[in-house]
2 protein chains.
Amino acid sequence: MWYLLYIASFCNRLHSELLAAASSFTAITLSAKEDRSAMSSIKEVAKQANVSVATVSRVLNNDPVVKPATKNKVLRVIKEMNYKPNMLAKNLRKQASRTIVMVLPSMSNPYFSEIARGAQAAAYDNAYNIIIGTIESKRWILDTYINMLKTNLAEGIVFVSSSVNKELLEELMDEYKIVLCTEYYPGINATCVAIDNKRAGYEATKELIRRGCSHIAYITGNRESSSVTARIEGYKEALKEAGIPYRPDRIAGAKNRFDHVKEAVNGIIGQGLPIDGIITHSDLQASYILKGIKEKSIALPERVGMISFDGTFLAEITNPTITTIVQPLYDLGYTSVHKLILKLVNESAEAGEEEGLVLLPHHMVIRET
Amino acid sequence: MWYLLYIASFCNRLHSELLAAASSFTAITLSAKEDRSAMSSIKEVAKQANVSVATVSRVLNNDPVVKPATKNKVLRVIKEMNYKPNMLAKNLRKQASRTIVMVLPSMSNPYFSEIARGAQAAAYDNAYNIIIGTIESKRWILDTYINMLKTNLAEGIVFVSSSVNKELLEELMDEYKIVLCTEYYPGINATCVAIDNKRAGYEATKELIRRGCSHIAYITGNRESSSVTARIEGYKEALKEAGIPYRPDRIAGAKNRFDHVKEAVNGIIGQGLPIDGIITHSDLQASYILKGIKEKSIALPERVGMISFDGTFLAEITNPTITTIVQPLYDLGYTSVHKLILKLVNESAEAGEEEGLVLLPHHMVIRET
DNA sequence: CTGAAAGCGCTTACAG
DNA sequence: CTGAAAGCGCTTACAG
């Protein structure tokens, strides 16, 4: 019907009149669904309220300039017609989607879901939409999100963990608003929200030493990542302080998969290096070590001292429960998004001023391992 | 600069010429960032390629009607200028955001992340954007997502688990495209993708009976939910078949929290009802029971027969590992989104024809419990 | 095969 | 305090 009306009217005014006629007609005879599509514009509200579309727009945007009486009249009509603004139009007009994206490597690790939860909260607190996406190690998925930036669907992006590589980041940085979460890139002056990984690595190692461990293995994530590097620095420092020689071959990288972790640990043991304590990059890795010990595919004593990173609920449901460095995951997500939105809103501020590392506090929770 | 240009030119043509002049100027002197904002429209591409904006648009949309030579010329200019279409404009023009939303109760349970992963894949396979959001039991968050529907930012929605109540669903159903995932509402004719919960409940119970259990407790989720009801039906049926009396007080609801689960189990035991087998609504609940048994806050034997639902990785990292009904979570997410997009694309098809329950296969994995 | 023009539904400087 | 009008950057029926 809409379509037919359109062909039938070349003149704008005529068109509107027909529409109005149709609209009052439909109010009686058509279902809510069809009615909605026929009256969804600001123009219809304006007509009903006997004001211009400009005034309706002002009311919608809470412009204090409109006379209270006018405002109330318009508000009443808006409610009556159950009018909802079309954000597609608003976005185009304002050249802003009020949407940001956060990309995560995956969602299978509860580590990431906590970060996402904080991110979501920050977005809503600032009336932004947020699209949280997981890369799943597929470059084309990442490209999809970056494309949202390029096609104006998103205004900024936060990369969590190593969801972006250094080259791509550099390329994007001078064109888009970006915040990094938990991982930074040395030499790149970007905003990054993380914990003090060096200190945390130091503290974990120190705790194991306190318990009498002197052969401490370190199962890391990606060896190139800044968090890994920093934690290892802390690890080395604690060893040095205690006069324990540092052995690089007691460090092994592993992904968050059982087979990887098993190989990493067994690899160290296979070199003839005894292990009486372990630090892992994640709770998930620690849980896999426990699994391996139990099923005897990892040749470690039942009660090996182990400290993991993250502090997700996983560390509480294993048997034994895991001692862990608790990262403020929710806050990490919240703060990243908050910083990004600050950048977005604060266009005028010199970009350079706000960049840099933001460190959030962590703490250790001692459990059974 | 853009702003000044604008004030200086009231005539469209003059405006464009100034812009063009500025653009060739900036190509030499300004950074990529500023250059971008100055040349980002289809109009500029048209000018450079000596064609109309209509032709550029046709090329962009792969309209086969354009002459190959023209097409190549335009394509070259697009590449040269590094032009990216403004989706904000396209969306408004086409009155379609090509975006759908999936709402989940939370993301802390890996159960939901797997569903989300499948959903994401389905969206991308169909060139849709997807916004995955978690309610966290807050009605205002849910309203935010529903508002995306109302303001044209999203074209459809899938509700996972009990992220929506019956009343709201009924209200939304005749105005928007909706798919339910894992949970349906009796009496509401909506598309729902789930497993055969009754059969799964039957199978789990049957397995426990086969092992000699006759005092089987059932820790459920929300008692009103369709999946719970169906599983309990299957549970009853299996008991009946084995001639075991059904005791409603051996069923207790609990949220996915340790304290809730503990209370639920202890509540049953406290009534003087012995338990030699347990079925739980989720892996998470089962892991909590294991935790409770270990720390002796739940008075159950170490080796109680237990079967959980979901089949997430949680069931593998506990000690003992958990026997579980594996739901095809990824497929559940994928199929829900796929069905939704089918509805979106297939406007013409009678809505009623496609509605109904879609059942996906599950299976049981026997582990240590 | 291509272009001129209208229009998607908003916002906002300008004039009154 | 309010309205008329231009414009955000696209798409598409229509004419040629």
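Note that this is a predicted model, so its numbers are computed, not measured. Every heavy atom of this structure was used, including side-chain atoms; hydrogens, water molecules and symmetry mates were not.
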Rounded to the nearest 0.5 Å, what's the gap from CZ on A/Arg76 to CD on A/Gln48? Could you check?
10.0 Å
Candidates C/dG9, D/dC1, C/dT2 - which lies nearest the side chain of B/Thr70
C/dT2
Distance check needed: C/dC10 P versus A/Leu92 CG, whole Å only.
12 Å
Of the listed nucleotides (D/dG9, D/dA5, C/dG3), which one gets closest to any side-chain atom of A/Ala54?
D/dA5
Main-chain N/O of B/Leu88 paired to B/Asn86 side chain as donor or acceptor, under 3.5 Å:
yes
A side-chain contact here means heavy atoms from C-beta on lying under 4.5 Å apart; do A/Thr134 and A/Val103 qualify?
no
For atom CD of B/Glu44 and atom C1' of D/dG9, their distance in whole Å:
12 Å
Taking the minimum atom-to-atom distance to the side chain of B/Val53, which one of C/dG3, C/dC10, D/dT11 wins?
D/dT11
Would you tell me if any nitrogen or oxygen in the side chain of B/Lys94 comes within less than 4.0 Å of OP1 or OP2 on D/dT12?
yes
Residue pairs involving residues 163-173 of chain B (criterion salt bridge (charged side-chain N to carboxylate O under 4.0 Å, His left out); sequence neighbours excluded)
none
Pair listing, salt bridge (charged side-chain N to carboxylate O under 4.0 Å, His left out) test, anchored in residues 56-70 of chain B, at least two apart
none
Please tell me which of B/Val56 and A/Pro68 maps to the more 5' nucleotide of DNA chain D, matching each residue to the nucleotide holding its nearest heavy atom.
A/Pro68
Identify, with sequence neighbours excluded, every residue that meets side-chain contact (heavy atoms from CB on, under 4.5 Å) alongside B/Lys71.
B/Val59, B/Asn62, B/Val66, B/Leu75
For residues 58-67 of chain A, which residues have at least one heavy atom under 4.0 Å from DNA chain C?
A/Arg58, A/Asn61
Can you check the A/Asn91 CG to C/dC8 C1' distance for me, whole Å?
13 Å
So, does B/Tyr83 get its side chain near the phosphate of D/dC10, meaning an N or O under 4.0 Å from OP1 or OP2?
yes
Starting at CG of A/Leu88 and ending at P of D/dC10, how long is that distance when rounded to a whole Å?
14 Å
B/Ser137: side-chain contact (heavy atoms from CB on, under 4.5 Å) partners, not counting sequence neighbours
none
If you apply the rule side-chain hydrogen bond (donor to acceptor under 3.5 Å, both in side chains), what do you find for A/Tyr334 with A/Asp125, and how did you get there?
CA-CA 10 Å; A/Tyr334 192 98; A/Asp125 286 352; 2.5 Å; yes
Rounded to whole Å, how long is the line connecting atom CZ of B/Arg93 with atom P of C/dA5?
16 Å
Under the 3.5 Å Watson-Crick or G-U criterion, the dot-bracket string of DNA chain D, with | for inter-strand pairs
|||.||||||||.|||
Touch class at under 4.0 angstrom, heavy-atom based, for A/Thr55 against every strand present
sugar-phosphate
Give a yes/no answer on whether the side chain of A/Lys43 brings an N or O atom under 4.0 Å of OP1 or OP2 in C/dG9.
no
Whole angstrom is fine here: how far is it from NZ in A/Lys90 over to P in D/dC10?
21 Å
